[in-house]
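For reference, the structure discussed in these notes is given below.
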Number of protein chains: 2
Amino acid sequence: MHSGTIKVTLTAENGREIILYRVRPGEVCLQTFGCLVNGTSYSAEGQAETDLEIDIVPVGEFQRLVVQDADFRQQLFAAVATRFADLERLVEDVALSPIDARLARALLRMMDEQGQVTATQEALATEIGSVREVVSRQLNAFARDGLVELTRGHIAVLAPNRLDQLSHPAV
Amino acid sequence: MHSGTIKVTLTAENGREIILYRVRPGEVCLQTFGCLVNGTSYSAEGQAETDLEIDIVPVGEFQRLVVQDADFRQQLFAAVATRFADLERLVEDVALSPIDARLARALLRMMDEQGQVTATQEALATEIGSVREVVSRQLNAFARDGLVELTRGHIAVLAPNRLDQLSHPAV
DNA sequence: ATGAAAAGCGTGACTTAGTCACATACTTAA
DNA sequence: TTAAGTATGTGACTAAGTCACGCTTTTCAT
């Protein structure tokens, strides 16, 4: 019934961009939740990453569903809770984690079963709220340590376990 | 009926701390919203800043109120929307704004009608997700430019308008 | 097919922010 | 009134971000 993902990003005046979170199939997208409730508008921007197949719920219908449809309510609340968790994790990441840990986590999140990550360094930078140059240097540092192997447009993760250690709160 | 404020903070392993948002009188506190919905727990920590007088709503009661009490629902959704806006602003701040702008915004937010801010530099640092030393240096830079006057435990804002300019997206 | 443009990556030099270590001044309470 | 705790200032260093390039690979129009 639903398919495709939406990434919600924030863009600064200087062009720097950070991914706030992603909305996945089966989730309720809350981008306009503020509007539904009190007309608040977000500065964030949603962008489809793939072809989309979604249901759009008009405001009146939304109000009705919340009251009458326990299932909808459940999904809605779950979506809200997930967004909170995502955003809190993001704040923690950006404000309090060093870049090597953030990059390590991103690689682990994004790699497939074969340990392949298909993404440009630019995309990785946006993913972790940093910039290409920093990602480039850090990836090369990882590569020097034998943690990954780099080729244009993707990264092969050689030592997921060691990345995982890095990704954890280094004391 | 309700009084006092709660600050919700995130603390890293290294002891660095950042304020996620505040819950004010009349607002619904969502700290445990995840729990209400699906048992997710937050890593964030709530802390009363003043004496509190609050209503605590048990889970069963919550479910009932959401369905039956339109007013409660309205308040709840408003709280959710506010939190989102807060968190998005915070991410934007931390990830994309230089610290002079962040500090300027914090001072403007926190000052009273006489332009007095009563807070230690340590507290200001937590407020903007930075550290004391950086705040100290930045405040002294502001002072050198005649924007503020510093005394132990508080800051006198002399030129709110110029701070406001600083606080805006410097191109 | 080929040459130009665009996309992706690497890197040096520099700026800004955060860390560490320590000095100094003010405040409070025994 | 002095010792302990709190608040601040500062130099030296590290980490991250910015700026300005250059180089290679891919894409695409002709």
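Per chain, numbering begins at 1; letters A, B, ... match sequence-line order.
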message: Restricting to side-chain contact (heavy atoms from CB on, under 4.5 Å), what partner residues turn up for A:Gln116, sequence neighbours left out?
response: A:Asp112, A:Gln114, A:His154, A:Ala156
task: Would you kindly give the CD-to-P distance between B:Glu17 and C:dG18, to the nearest whole Å?
output: 16 Å
- request: Using salt bridge (Lys or Arg N to Asp or Glu O under 4.0 Å) as the criterion, list what pairs up with B:Asp86, not counting sequence neighbours.
  value: B:Arg83
Pairing residues for A:Gln138 by the side-chain hydrogen bond (donor to acceptor under 3.5 Å, both in side chains) criterion, not counting sequence neighbours: none
- line: Sorted by position of nearest nucleotide on DNA chain D, 5' first, the leading residue of A:Arg137 and B:Glu122 is B:Glu122
message: Any side-chain N or O of A:Gln121 below 4.0 angstrom from OP1/OP2 of C:dA7?
response: no
statement: Residues at least two apart in sequence or cross-chain that pass side-chain hydrogen bond (donor to acceptor under 3.5 Å, both in side chains) with A:Arg132, listed by chain then number, are none
From B:Leu107 atom CG to B:Asp164 atom CG, the distance as rounded to the nearest 0.5 Å: 12.0 Å
query: For the helix from C:dA1-D:dT30 to C:dA30-D:dT1, what angle lies between the axis at the first five pairs and the axis at the last five pairs, to 10 degrees?
result: 30°
task: Please determine if A:Glu127 and A:Arg22 form a salt bridge, counting it only when a charged side-chain N lies under 4.0 Å from a carboxylate O.
output: yes
- prompt: Please give, in whole Å, the distance from C:dG10 C1' to A:Gln138 CD?
  reply: 15 Å
task: For A:Asn140 and for B:Val134, find the nucleotide of DNA chain C with the closest heavy atom, then tell me which residue's nucleotide is more 5'.
output: A:Asn140
- prompt: Who are the side-chain hydrogen bond (donor to acceptor under 3.5 Å, both in side chains) partners of A:Ser97, not counting sequence neighbours?
  reply: A:Arg105
query: Within this structure, what is the CZ-to-C1' distance between B:Arg16 and C:dT19, rounded to whole angstrom?
result: 10 Å
- request: Please list, by residue number, the residues of residues 145-153 of chain B whose heavy atoms come closer than 4.0 Å to an atom of DNA chain C; answer none if no residue qualifies.
  value: B:Arg152
message: Is it the case that the side chain of B:Arg73 and the backbone of B:Val66 share a donor-acceptor pair, with hydrogens and angles ignored and the cut-off at 3.5 Å?
response: yes
Between P of C:dT19 and CD1 of B:Ile99, the distance in whole Å: 12 Å
query: Take atom CD in B:Glu149; do more than 12 heavy atoms of anything else shown fall under 6.0 Å from it?
result: no
- line: Sorted by chain and residue number, the side-chain hydrogen bond (donor to acceptor under 3.5 Å, both in side chains) partners of B:Arg152 (sequence neighbours excluded) come out as none
statement: The complete set of salt bridge (charged side-chain N to carboxylate O under 4.0 Å, His left out) pairs with one or both residues in residues 56-69 of chain A, sequence neighbours excluded, reads A:Glu61-A:Arg64
- line: Between CG of B:Leu96 and C1' of C:dT16 the distance, given in whole Å, is 15 Å
- prompt: Under a single-linkage rule joining Ile, Leu, Val, Met, Phe, Trp and Tyr whose side-chain heavy atoms are separated by less than 4.5 Å, which residues share a cluster with B:Val134?
  reply: B:Ile99, B:Val131
Selection: residues 123-133 of chain B, any non-hydrogen atom under 4.0 Å of DNA chain D: B:Arg132, B:Glu133
Residue A:Glu17 excluded, over 12 heavy atoms near CD under 6.0 Å: yes
statement: Contacted region of DNA chain D by chain A, from 5' end to 3' end of the hits, cut-off under 4.0 Å to heavy atoms, spans D:dA16 to D:dT26
